[in-house]
Amino acid sequence: MNRPPQVRAHKDYNMANQQLSEQEVLRRESMQRLRELGIEPYPAPLYPVNTTTREILEGYSPEKDNFKDICIAGRIMSKMVMGAASFIKIQDSEGRIQVYVKRDEVCPGEDKTMYNTVFKKLLDIGDIIGVKGYAFVTKTGELSVHAKEFTVLSKSLKVLPIVKTDADGTVHDEFTDPELRYRQRYVDLIVNPQVKETFIKRAKIISTMREYFNEAGCLEVETPILQGIPGGATARPFITHHNALDIPLYLRIANELYLKRLIVGGFSGVYEFAKDFRNEGMDKTHNPEFTCMEIYVAYKDYLWMMEFVEKMLEKVSMAVNGTTTVTIGEHVVEFKAPYRRIGILDAIKEYAGVDVKGMGIEELRKTCTSLGVEYEPSMGVGKLIDAIFGEFCEKNFIQPTFVIDYPVEMSPLTKRHRTDPTLTERFELFVCGKELCNAYSELNDPIDQLERFEEQAALKSHGDDEAMFIDYDFVRALEYGMPPTSGLGMGIDRLTMFMTGQSTIQDVLFFPQMRPEKILRRENKDADEEPPQQ
């Protein structure tokens, strides 16, 4: 006999993932007992919350005798039952507060089931409840909520890892394992509520930047994520297939070329906070899915953009931290303008002790070998110079530093330098030895652009799978005429790391990419082999 789909899915989930612990069995029994008492453990979502824990803790005044008609909701984080009166602590999105529950208050009639059975026996730490009552201060001086009634809003079937601090201040059962925290961010946010501050600051960073760009007269736009040609950067793309059109498509590695098409179309300034995807390595500062902000402003150059960035980072730092001085790891970084500027070839000469200007590919290979810099046979002049720079220079730029004037071979989308045609008008901003943003005076010569695309195609034919494709439509757009333009790309994840003092990109992403858990991977494989019947 076929089981109902919900029952089958529930049983299969338990069998596939684990044997239930004793506590999990008891919680399921409590869930069933609630239903037998006529109490739905997952009721309709509407609940008339009218305040938060923060508002009570910050706004209550005994003299004003306020907060007399409270309706709050939150998760039970501790529970202390003492006969006819008990204390619990509940946590909502704003914080925690103590709730005093007295049997005869929540059960004023003869029937004491809601207290003696439901509250004392069937409610567990992790359950979400609603509480109606009023604020008061206990005899021990703790601001609390005196419950007049409570409502079960969601039964927790998993046991929370509760963090405890003893009388000596020693913390026990901390939920600190990075892999568990990243895999189960929902648990991390519950038991380590301070983690929320990083993500609140992230939102503040983005809103501040958006305000800054809007005030500068730029328009926020959206461009395609699925692209026929993955342009705008040198990176290995993710590839997929569009069934209806029967064509390959790529997840975008950058949104640059589409934004510049809009400048061609007549917009004076456009920007986008974009999800980009690069099928490359993962480490503490790289995730295959990341957020990048790109902005393009007509009739500006890279010198103007440097000042624009300095002012923006000052504004962001003040908005997020109240100061332009930020502690990042062991370094104290000052985001107040102006920032140091140094040419990339000058930086290599200063920190690597060699002058690579004008070197061809063979001479650069010999230089890499003599310096102990590893390289691949497929690497061209640009990547060889970049390898030397990365090995010897980047780590020295702790304070914000603009590295400027890159060789043409390193910058296929950048305008040639106005005084040296072997260089380009490009800068990268480095902080704590890491690149934060990349900007150009944009190349708007269609003939030059096509030639550089063709050079990239030659590199790809020699095995460089990160080299750019030729985007003929973009060249056609340039042939209609793009005004002189300055463009900037900035990694939001890395900026958030700097502004919040986090050392890994995983700590500023709600759900960083990770290898699947073994049991989930097996379950998904089985699902692929035997799809469910319709």
Side-chain angles (χ1 to χ4, degrees), residues 181-182 185 188-189 195-214 216 218-227 230-238 240 250-260 262 269-296 305 308-309 312-313 315-317 319-321 326 328 335 428-432 434-440 487-514:
R181 288 182 55 237
Y182 303 150
R185 181 67 82 186
D188 186 33
L189 293 167
V195 169
K196 290 181 181 178
E197 289 303 313
T198 295
F199 296 98
I200 291 171
K201 286 184 175 182
R202 181 189 175 107
K204 184 66 174 177
I205 289 168
I206 293 172
S207 65
T208 302
M209 293 173 69
R210 181 174 280 121
E211 178 185 7
Y212 182 72
F213 299 149
N214 290 344
C218 298
L219 178 69
E220 184 170 12
V221 299
E222 293 182 339
T223 60
I225 293 176
L226 287 174
Q227 301 182 351
T234 53
R236 181 184 300 138
F238 288 91
T240 185
Y250 302 86
L251 293 180
R252 68 178 169 205
I253 57 176
N255 48 345
E256 174 172 344
L257 301 188
Y258 282 93
L259 291 175
K260 289 197 281 193
L262 297 179
V270 292
Y271 71 93
E272 180 178 17
F273 289 90
K275 281 289 188 183
D276 291 340
F277 307 84
R278 297 183 183 177
N279 198 357
E280 299 169 346
M282 296 167 54
D283 56 32
K284 289 185 176 182
T285 59
H286 294 88
N287 194 67
E289 174 186 352
F290 61 98
T291 302
C292 185
M293 186 289 305
E294 293 199 32
I295 183 169
Y296 295 83
M305 186 62 80
F308 188 74
V309 169
M312 180 189 70
L313 291 177
K315 184 179 180 72
V316 167
S317 186
V320 173
N321 296 308
V326 179
I328 305 173
F335 281 101
E428 289 184 295
L429 177 63
F430 285 84
V431 178
C432 286
K434 300 294 182 182
E435 176 206 343
L436 178 56
C437 66
N438 188 18
Y440 317 144
L488 167 79
M490 177 173 287
I492 298 302
D493 307 322
R494 192 165 293 175
L495 176 60
T496 304
M497 288 174 61
F498 291 152
M499 290 296 172
T500 61
Q502 300 297 328
S503 60
T504 68
I505 194 171
Q506 289 80 9
D507 283 318
V508 300
L509 302 174
F510 273 128
F511 304 105
Q513 193 66 46
M514 302 183 73

Practice problem: Of all the heavy-atom pairs spanning H286 and G281, show the shortest one and how long it is. | Solution: CB-O, 3.9 Å

Quiz item: When you look at F199 and T500, which way does the side chain to side chain contact (heavy atoms under 4.5 Å, CB included) test go after all the steps?
Solution: CA-CA 9 Å; F199 296 98; T500 61; over 6 Å; no

Practice problem: Not counting sequence neighbours, which residues clear side chain to side chain contact (heavy atoms under 4.5 Å, CB included) with K275? List them please. | Solution: F277, E289, T291

Quiz item: Would you find a donor on one side and an acceptor on the other, under 3.5 Å apart, between the side chain of Q506 and the backbone of D283?
Solution: yes

Quiz item: L509 versus R202: any side-chain heavy-atom pair under 4.5 Å?
Solution: yes

Practice problem: Nearest 0.5 Å please: distance from the CZ atom of F290 over to the CD1 atom of I492. | Solution: 11.0 Å

Quiz item: How would you list, by chain and number, every residue that makes a salt bridge (Lys or Arg N to Asp or Glu O under 4.0 Å) with R278, sequence neighbours excluded?
Solution: none

Quiz item: What heavy-atom pair brings F498 and C432 nearest, and what distance separates the two atoms?
Solution: CE2-CB, 4.3 Å

Exercise. Answer yes or no: is there a donor N or O on one side and an acceptor on the other, between the side chain of Y212 and the main chain of F308, under 3.5 Å?
Key: yes

Quiz item: Could you state the interatomic distance from CZ (R494) to CD (E435), rounded to the nearest 0.5 Å?
Solution: 6.5 Å

Quiz prompt | 4.5 Å side-chain heavy-atom contact, V309 and L436 | solution = no

Practice problem: Take V431 and I328, measure what side chain to side chain contact (heavy atoms under 4.5 Å, CB included) needs, and give me the verdict at the end. | Solution: CA-CA 10 Å; V431 178; I328 305 173; 4.2 Å; yes

Quiz item: Got a sec, which residues hit side chain to side chain contact (heavy atoms under 4.5 Å, CB included) with P230, two or more places apart in sequence or on another chain?
Solution: P237, Y250, I253, F469

Quiz item: Tell me, do L495 and I205 make a side-chain contact under 4.5 Å, heavy atoms counted?
Solution: yes

Quiz item: Considering only heavy atoms from C-beta outward, does the side chain of M305 approach that of Y440 to under 4.5 Å?
Solution: no

Exercise. Identify the heavy atoms of Q513 and N287 that sit nearest to each other, and give their distance.
Key: N-OD1, 3.2 Å

Quiz prompt | Which residues share a side chain to side chain contact (heavy atoms under 4.5 Å, CB included) with A274, sequence neighbours left out | solution = R252, N255, E272, D276

Exercise. Give, for atom CG of L259 and atom CG of L219, the distance between the pair rounded to the nearest 0.5 Å.
Key: 10.5 Å

Exercise. Check the surroundings of atom NZ in K284: do more than 12 heavy atoms from other residues, nucleotides or ligands lie under 6.0 Å from it?
Key: no

Self-check item: From F273 atom CZ to M490 atom CE, the distance as rounded to the nearest 0.5 Å
Solution: 10.0 Å

Quiz prompt | 4.5 Å side-chain heavy-atom contact, N438 and L488 | solution = no

Practice problem: Could you go through the side chain to side chain contact (heavy atoms under 4.5 Å, CB included) check for F335 and N321 one step at a time? | Solution: CA-CA 11 Å; F335 281 101; N321 296 308; over 6 Å; no

Quiz item: Nearest 0.5 Å, what's the CZ-CG distance between F510 and L189?
Solution: 6.0 Å

Self-check item: Partners meeting ring-ring contact (aromatic ring centres under 6.0 Å, His included) with F238 (sequence neighbours left out)
Solution: none

Quiz item: Got a sec, which residues hit side chain to side chain contact (heavy atoms under 4.5 Å, CB included) with M497, two or more places apart in sequence or on another chain?
Solution: T285, I505, V508

Quiz item: Does R181 use its side chain to pair, donor to acceptor, with the backbone of D188 at less than 3.5 Å?
Solution: no

Practice problem: Could you tell me whether the side chain of R210 reaches within less than 4.5 Å of the side chain of E220, counting heavy atoms only? | Solution: yes

Quiz item: Shortest non-hydrogen contact from P512 to R185?
Solution: CD-NH2, 4.3 Å

Self-check item: Any side-chain heavy-atom pair of L429 and L313 under 4.5 Å
Solution: yes

Quiz prompt | Closest non-hydrogen atom pair between S317 and V326, with its separation | solution = OG-CG2, 3.5 Å

Quiz item: About how many Å separate OG1 of T208 and CZ of F213, when rounded to the nearest 0.5 Å?
Solution: 10.5 Å

Quiz item: So, for M282 and P288, which heavy atoms are closest and what is the spacing to 0.1 Å?
Solution: CG-CD, 3.5 Å

Quiz item: Can you find a pair of side-chain heavy atoms, one from M209 and one from I295, that are under 4.5 Å apart?
Solution: no

